[in-house]
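Read the structure below first, then the notes.
Along the sequence shown, residues are numbered consecutively beginning with 1.
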Amino acid sequence: MISRRTGVAVAAVVVLGGALGGLAWRYRGAPDRAQPPVIDLAGENDPALERAVEDARSKVLRQPGSAEAWGWLGKVLLANGIGEDSLVCFAEASRLAPAEPRWPYLRGLAQQAISPDAAVPFFQEAVRRLAGEGPAADVVRLHCAEALMRKGETAEAKGLLQEVLRHDPDNPRALLAAGMLAERANDLEAARSYLVRCLGRPLARQRAATRLAALSLRKGDPAAAERYRQQARRFPRDAEGPDPYADEYKALLVGRRARLLRAQGLIRAGAIQEAVELLQPMVNADDAELEAYVKLGMALALLGKYREAEAVLRRGLARGQDQAQGHYFLCVAVFHQAERQGARGRAGFEEAAAQARLALARKPDHAFARLYLGLALDKLGKPSEALAELEQAARISPESTDPQLHLGEALLARGQQQRGYAHLEKAIELAGDSDPRPRKALTKWREQTGGK
C-alpha cells in the first residue's frame, strides 16, 4: 500500500531545481535487505500514477534480489518527479548489479536535480563500469565530464572528452565541451578549432557560435565577433540530444505528472503563455499540488505579471505545503513589485528577503535565492551583507549570467574596479548575444569611472 509522497519534478534548470522530500530507506531483518520506499500519492488524485508506482513497488517486493525490479521502480519514480525517493532504488540496483553502469548513472541524474556536486561520484562510478563503446557509453562519459567541469575538475573532464573524441571525432557535445575547457585554459587557438567544428551540428551550433563571438572579442577581432553573434541569432536553440539511459525512464511518465513536466518543457523552450494555459486549470482544481502553483507562478513572473504570480504562489503555500522553489519565486515576484514602487517599496524588499531566507533554509545552495537576497539587502541599505550573498551566488553558480552581472555591479559601486570589471566581462561571455544587459552595464560603469 502506498502511504508516503515526496519529491518534485526532476530535469529542472538552475532556477527550477527545488527542495525534495526525505528518503524512505528502511530495513527488515538483515541490514543488507533494503525495503522499497513507501510513497503517499493519496492527495494526487492521479490513478494512472498511483497504479504505475504501486505495480513497480510490488515487483520489488516479489523480487527483492532483482536489480531490474529495483531499477524499474527507480525509473518510474524519477520519470514522475519523485526524484529523491528514486535514489534508494538506484543505490540498491547498483549494489545488486555491480557491473551495470546505468544504475549509478541514473542515480547521478536524480541526485543532480537536488545537489549537482553530489552527483559527480555516481557519474564517475558509471564511467568505471563501462565495458565498451557506443552512444550510451559516450553519453555517460560526457555527462560525467560536464559535471566535473562545473566543479572545476578539468583534468579528469579533459580525459573523458578526449576518450569520446578518439572514437567519435565529430561528437558535437564533446567538441563544445573541449572548446570551453581550452578557452578556460587560455588556449584560444585550440578553443576556436574545437568550436568551429560545432557550427554545422544542431546539438551544439548555437552555443558554439555564442562562445566563438566571445572568443573573437578576447582576440581583438570585433568583426568576427559580430559575424558569430549574427550566426547565434539565426540558429535555433540547441537540441538536447539522445540519451539512451534517460530515454528509458522518460518513457514511464504518466498522469498529472506528465502535464507538469510538459509545462516545464514549454517554459524552458520559451513558450511561456502556452505553459500558463496548461497550468491554470491544474491550480484551479481542488486537489492542486504546490508544484503546479510554483510553475504557474514562475511562468507569470517570466511574463512580468508579478502581482498575479504573487497571488498564485501565496495560494499554493497557504495549502500547508512547503518548498524552496515556492518561497524563491514568491521572493522574485515581491521584489520586482517593490522595485516598481520606488521609495515606497521598503516593505516589499523586506518581504523578498524573508522569502529568500525561507527558500535557503530548505536549500542552502540555491544560487538565485542568494542572489535575490543580496539584491534585497542592497535595497535595504545593508551593503556588506548584500555583497556577501552576491559573492555566494556567483560561487555556487559560476556559469550563470545574473550572479556575475549583479556581483560585478555591486563591486564597482563599492570602488572595487578590478574585480567588478572582471565579473562583468564574465557575465558578457556567459550571456553571449542573447542578453544585452551585461554589455550595457559595462558601458555604463566605464562612463561613470572614466573608462578605467
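Here the closest heavy-atom approach between residue P121 and residue R128 is recorded as O-NH2, 4.4 Å.
Checked for salt-bridge contact, R370 and E391 miss the test: no charged N lies under 4.0 Å from a carboxylate O. In this structure, R201 pairs ionically with D170, as a charged nitrogen and a carboxylate oxygen lie closer than 4.0 Å. E274 has a carboxylate O that lies under 4.0 Å from a charged side-chain N of R262, or vice versa, which qualifies the two as a salt bridge. Using a cutoff of 4.0 Å between basic side-chain nitrogens and carboxylate oxygens, E189 and K219 are scored as salt-bridged. Between R129 and E100 there is no salt bridge, since no side-chain nitrogen of the basic residue lies less than 4.0 Å from a carboxylate oxygen of the acidic one. For E310 and R307, the salt-bridge test fails: no basic side-chain N is under 4.0 Å from an acidic carboxylate O. Between R207 and D238 there is a salt bridge, since a side-chain N of the basic residue sits under 4.0 Å from a carboxylate O of the acidic one. Checked for salt-bridge contact, E226 and R233 meet the test: a charged N lies under 4.0 Å from a carboxylate O. The residues R184 and E399 are annotated as salt-bridged, a charged nitrogen and a carboxylate oxygen being separated by less than 4.0 angstrom.
For A209, the side chain to side chain contact (heavy atoms under 4.5 Å, CB included) partners two or more places apart in sequence, or in a different chain, are L199, Q231, A232, F235. Taking Y194 as the reference, nothing meets the ring-ring contact (aromatic ring centres under 6.0 Å, His included) condition, with sequence neighbours excluded. Residues passing the ring-ring contact (aromatic ring centres under 6.0 Å, His included) test with H406: none are found, sequence neighbours excluded.
Looking at R446, R218, R419 one by one, the single match for salt bridge (Lys or Arg N to Asp or Glu O under 4.0 Å) with E425 turns out to be R446.
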(Q) One pair to check against side-chain contact (heavy atoms from CB on, under 4.5 Å): L148 and T154. What are the steps and the verdict? (A) CA-CA 7 Å; L148 288 163; T154 57; over 6 Å; no

Q: Carefully, step by step, assess H423 and E409 under the rule side-chain hydrogen bond (donor to acceptor under 3.5 Å, both in side chains).
A: CA-CA 8 Å; H423 283 286; E409 292 207 278; over 6 Å; no

Q: Using the side-chain contact (heavy atoms from CB on, under 4.5 Å) rule, take H143 and R173 through it: C-alpha gap first, then chi angles, then the decisive distance, then the call.
A: CA-CA 10 Å; H143 219 114; R173 190 168 160 188; 3.5 Å; yes

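Of the possible polar contacts, none joining the S115 side chain to the Q111 backbone as a donor-acceptor pair under 3.5 Å is found. Listed for the Y372 side chain is no donor-acceptor partner under 3.5 Å among the backbone atoms of A353.
R259 CZ to L278 CG: the interatomic distance, rounded to the nearest 0.5 Å, is 7.5 Å.
Side-chain contact check for L175 versus N171: every heavy-atom pair is 4.5 Å or farther apart.
Ring pair F123/Y105 is tilted by interplanar angle, where 30° to 60° counts as tilted.
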